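Worksheet: one structure, shown below.
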Amino acid sequence: MLDCAIIGGGPAGLTAGLYATRGGLKNVTMFEMGMPGGQITQSSEIENYPGFFEHDKTGMDFMDTWQKQCFHFGLKHEMKKVERIAKTGEHFTIILEGGEQVEAKTTVVCTGSVPKRAGFKGEDEFFGKGVSTCATCDGFFYKDKPVTVLGGGDTALEEALYLSNICSDVYVVHRRDAFRAAPPTMERVEKKENIHLVTDSVIEEAYGDAMGLQGVKIKNIKTDEITDMKNTGLFVFVGHDVRNEVLQDENGGFICEMNDWGQVIVDLSMRTSVEGLYAAGDLRVEAPKQVVVAAGDGATAALQVISYIQEQA
Ligand code: FAD
Ligand code: NAP
């Protein structure tokens with residue numbers, strides 16, 4: 001039986017793994033269905049993690065050393081998707097894709113969040129054929145071409161900055177005239193001559209053909225005017241949904257208390273309403289959705305896991 005099962009290998013899961021193994025637990029496995037690193041590996045930059053101030057490094061570069069450090073201290077990684085978690089008496093059963101089951105004394109859920117779809121016509125049809133949620137992955141396809149970005153938060157504006165260094169012009173479409181993005185980011189955006197802010201506007205339709213996206217129709221919601229932009233790249237950054245499926249029971253309910261938005265309710269020690277079950281990072285209530293916070297959550301949860309196992313012994 002595992003001392004601790006960690007579900008998800010982003011900043012929260014990796015840090016939980018580091019603290020649990022370095023804190024003396026011998027049998028800790030992190031179940032991460034992809035490569036460890038989490039959402040930040042999709043980012044073209046990170047400049048707000050204390051002590052890391054290298055402008056030419058991507059989110060992928062940033063996370064590279066985290067896993068090496070964890071594995072050095074004994075964390076094991078299973079590249080498997082967890083279907084769900086069940087509490088069986090005093091311990092947990094981790095049910096993996098394909099039906100394999102693993103028992104664990106404690107579980108830390110760090111499954112994070114996924115990009116939301118905006119819901120405009122053509123979004124699903126052209127997803128992966130011009131519509132993207134990853135500038136680092138797809139920006140280069142539009143080298144020296146104009147692209148459209150949808151959203152007004154930190155992600156949209158930071159990725160618009162990244163794209164502005166590759167693409168000829170970046171049109172940022174936002175449904176209001178005030179942006180959520182941090183003021184320093186907005187200042188940098190405003191200094192970029194090839195970023196154009198298209199406010200009070202929504203995407204009416206993304207259209208194309210068998211070759212992929214051919215353009216977007218943008219509607220000004222104050223004037224109803226429609227502008228047809230022949231940009232073949234559209235980057236959608238409209239927020240995230242929490243990934244809480246692993247906490248669902250067979251009846252569609254949840255095994256621990258959640259709020260109305262599907263976020264896990266935890267206390268300041270990352271304890272859920274179920275003994276021995278912890279949640280850390282973007283999927284918990286009031287998560288600021290920052291790497292530094294997710295890492296802090298992971299460390300807090302792991303320290304609690306160690307105390308819990310000692311108390312149970
Ligand atoms: P995640 O990073 O989402 O990791 C969750 C992991 O769990 C994923 O790797 C996923 O594959 C895995 N997983 C999910 N479900 C399962 C399952 N069923 N079985 C197995 N594995 C599973 N924050 C900052 O502080 N600074 C920034 O500059 C910054 N820039 C960002 C730029 C972009 C483009 C994005 C998308 C986010 C950015 N963020 C930034 C936010 C930051 O990335 C997140 O807050 C952080 O990654 C959350 O960490 P996490 O460990 O909670 O979850
Ligand atoms: P976000 O802050 O939730 O912003 C989403 C944006 O998309 C908002 O501007 C929203 O408009 C718009 N939007 C939402 N649904 C839409 C729809 N259906 N159609 C059109 N527009 C829509 O999401 P985010 O930018 O991904 O950031 C998520 C979290 O990660 C935030 O807490 C953010 O601070 C953090 N983050 C931080 C950094 C950093 O610190 N450097 C970088 C990236 C992300 P409204 O404004 O009108 O609601």
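Residue numbers start at 1 and run along the sequence shown. When a ligand or atom number is given, it counts from 1 through the structure's own listing order. None of these values were measured; they are calculated from a predicted model. Below, each value reflects all heavy atoms present in this structure, side chains not excepted, and no hydrogens, waters or symmetry copies.
For R117, no nitrogen or oxygen atom sits less than 3.5 Å from a nitrogen or oxygen atom of ligand 2, counting backbone and side chain alike. The distance criterion of under 3.5 Å between nitrogen or oxygen atoms is met by V291 with respect to ligand 1. Among the atoms of V246, none of the N or O lies under 3.5 angstrom from an N or O of ligand 1. At least one N or O atom of V82 sits closer than 3.5 Å to an N or O atom of ligand 1. Between H240 and ligand 1, no pair of N/O atoms sits closer than 3.5 Å. Distances between N or O atoms of I46 and those of ligand 1 include no value under 3.5 Å. For ligand 1, the polar-atom distance check finds an N/O of A12 within less than 3.5 Å of one of the ligand's N/O atoms. Ligand 1 has a nitrogen or oxygen under 3.5 angstrom from a nitrogen or oxygen of N48. For the pair T155 and ligand 1, the shortest N or O to N or O distance does not fall below 3.5 Å. Considering both main-chain and side-chain atoms, K81 never comes within under 3.5 Å of ligand 1 through any nitrogen or oxygen pair. The shortest N or O to N or O distance between A156 and ligand 2 is not under 3.5 Å.
When heavy-atom distances to ligand 1 are checked against a 4.0 Å cut-off, R243 comes that close only through its side chain, counted from C-beta outward. With a 4.0 Å heavy-atom cut-off, ligand 1 is reached by no atom of C134. With a heavy-atom cut-off of 4.0 Å, A294 touches ligand 1 through its side chain alone. For E245, no heavy-atom contact with ligand 1 is shorter than 4.0 Å.
Side chain of T272 to main chain of L277: a donor-acceptor pair is present (N/O by atom type, distance under 3.5 Å, no hydrogens or angles). Judged purely by atom type and a 3.5 angstrom limit, N259 uses its side chain to pair as donor or acceptor with the backbone of W261. Side-chain N or O atoms of S307 include one that pairs as donor or acceptor with a backbone N or O of L303 at under 3.5 Å. Put simply, the side chain of S113 never gets that close to the backbone of H240: no donor and acceptor are under 3.5 Å apart. With N194 contributing its side chain and S168 its backbone, the two residues share a donor-acceptor pair below 3.5 Å. Here the side chain of E123 pairs a donor or acceptor atom with the backbone of A118 at under 3.5 angstrom. N244 places a side-chain N or O within 3.5 Å of a backbone atom of G262 that can act as its donor or acceptor partner. D138 places no side-chain N or O within donor-acceptor distance of the main-chain N or O of A135, the cut-off being under 3.5 Å.
Among protein heavy atoms, the minimum distance from atom 16 (C) of ligand 1 is reached at T111 CG2, 3.6 Å. Shortest contact from atom 49 (O) of ligand 1 to any protein heavy atom: P11 CD, 3.3 Å. Atom 19 (N) of ligand 2 has A118 CB, 3.9 Å as its closest protein atom, hydrogens excluded (heavy atom only). Protein heavy atom at the shortest distance from atom 1 (P) of ligand 2 is R180 CD, 4.2 Å. Taking atom 31 (C) of ligand 1 as the reference point, the nearest protein heavy-atom neighbour is I40 CD1, 3.7 Å. Looking from atom 7 (O) of ligand 2 to the surrounding protein, the closest heavy atom is V238 CA, 3.3 Å. Annotation: atom 8 (C) of ligand 1 to nearest protein heavy atom, E32 OE1, 3.3 Å. The protein heavy atom nearest to atom 9 (O) of ligand 2 is G152 N, 3.0 Å. Here the heavy atom of the protein found nearest to atom 21 (N) of ligand 1 is M33 N, 3.3 Å. The protein atom (non-hydrogen) at minimum distance from atom 53 (O) of ligand 1 is G112 CA, 3.3 Å. The nearest heavy-atom contact from the protein to atom 24 (P) of ligand 2 is T155 OG1, 3.3 Å. Closest to atom 33 (C) of ligand 2, if we only count protein heavy atoms, is D154 OD2, 3.5 Å. For atom 36 (N) of ligand 2, the nearest non-hydrogen atom of the protein is Q290 NE2, 3.5 Å. Closest protein heavy atom to atom 23 (O) of ligand 2: G239 CA, 3.5 Å. Residue, atom and distance of the protein heavy atom nearest to atom 7 (O) of ligand 1 are G8 CA, 3.2 Å. Atom 2 (O) of ligand 1 has Q39 N, 2.9 Å as its closest protein atom, hydrogens excluded (heavy atom only).
Partner of S164 under the side-chain contact (heavy atoms from CB on, under 4.5 Å) criterion, out of V172, I195, D169: I195 alone.
At most 12 heavy atoms of other shown residues, nucleotides or ligands fall within 6.0 angstrom of atom OH in Y19. Counting heavy atoms of neighbouring residues, nucleotides and ligands inside a 6.0 Å radius, atom CE of M60 does not exceed 12 of them. The number of heavy-atom neighbours closer than 6.0 Å to CE of M1, taken from other residues, nucleotides and ligands shown, is above 12.
Set against the non-hydrogen atoms of K289, the atoms of ligand 1 under 4.0 Å away are 23 (N), 41 (C), 45 (O). Remark: ligand 1 atoms within the under-4.0 Å shell around heavy atoms of D282 are 44 (C), 45 (O), 48 (C), 52 (O). Per-residue contacts place G9 under 4.0 angstrom from the following atoms of ligand 1 (heavy atoms of the residue considered): 6 (C), 7 (O). Shown in contact with K80 at under 4.0 Å from a heavy atom are these atoms of ligand 1, numbered in order with element: 20 (C). Counting the atoms of ligand 1 from 1 in the order shown, those under 4.0 Å from a heavy atom of G281 are 52 (O). Of all atoms in ligand 1, listed by their number and element, those nearer than 4.0 Å to a heavy atom of G38 are 2 (O), 4 (O), 9 (O). Which parts of ligand 1 touch S113 is read off a 4.0 Å heavy-atom cut-off, strictly below it: atoms 3 (O). Counting the atoms of ligand 1 from 1 in the order shown, those under 4.0 Å from a heavy atom of F31 are 20 (C), 21 (N).
Follow the hydrophobic side-chain contacts under 4.5 Å out from I94 and you reach V264 in the same cluster.
Shown here, atom 31 (C) of ligand 2 is out of close reach of the protein: none of its heavy atoms lies under 4.0 Å off.
A distance of 6.0 Å or more separates the ring centres of W66 and F52.
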E250 vs R84, test: salt bridge (charged side-chain N to carboxylate O under 4.0 Å, His left out). Steps then yes/no. CA-CA 9 Å; E250 281 156 313; R84 67 187 179 86; 3.3 Å; yes
Show, in sequence, the C-alpha distance, side-chain angles and deciding distance for T148 and N231, and conclude whether the side-chain hydrogen bond (donor to acceptor under 3.5 Å, both in side chains) test is met. CA-CA 7 Å; T148 312; N231 301 347; 3.0 Å; yes
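Using a 4.5 Å cut-off on side-chain heavy atoms (C-beta onward), L14 and M30 make contact.
Residue N48 places a heavy atom under 4.0 Å from ligand 2.
Geometric assessment of K217 against the ring of Y207 yields a positive cation-pi assignment under the 6.0 Å and 45° thresholds.
Judged purely by distance below 3.5 Å, without hydrogens or angles, the side chains of T232 and Q214 never pair a donor atom with an acceptor atom. Donor-acceptor pairing under 3.5 Å is lacking for the side chains of N27 and K105.
Of the listed residues (E158, K289, R175, H240), the one carrying the non-hydrogen atom nearest atom 16 (C) of ligand 2 is R175.
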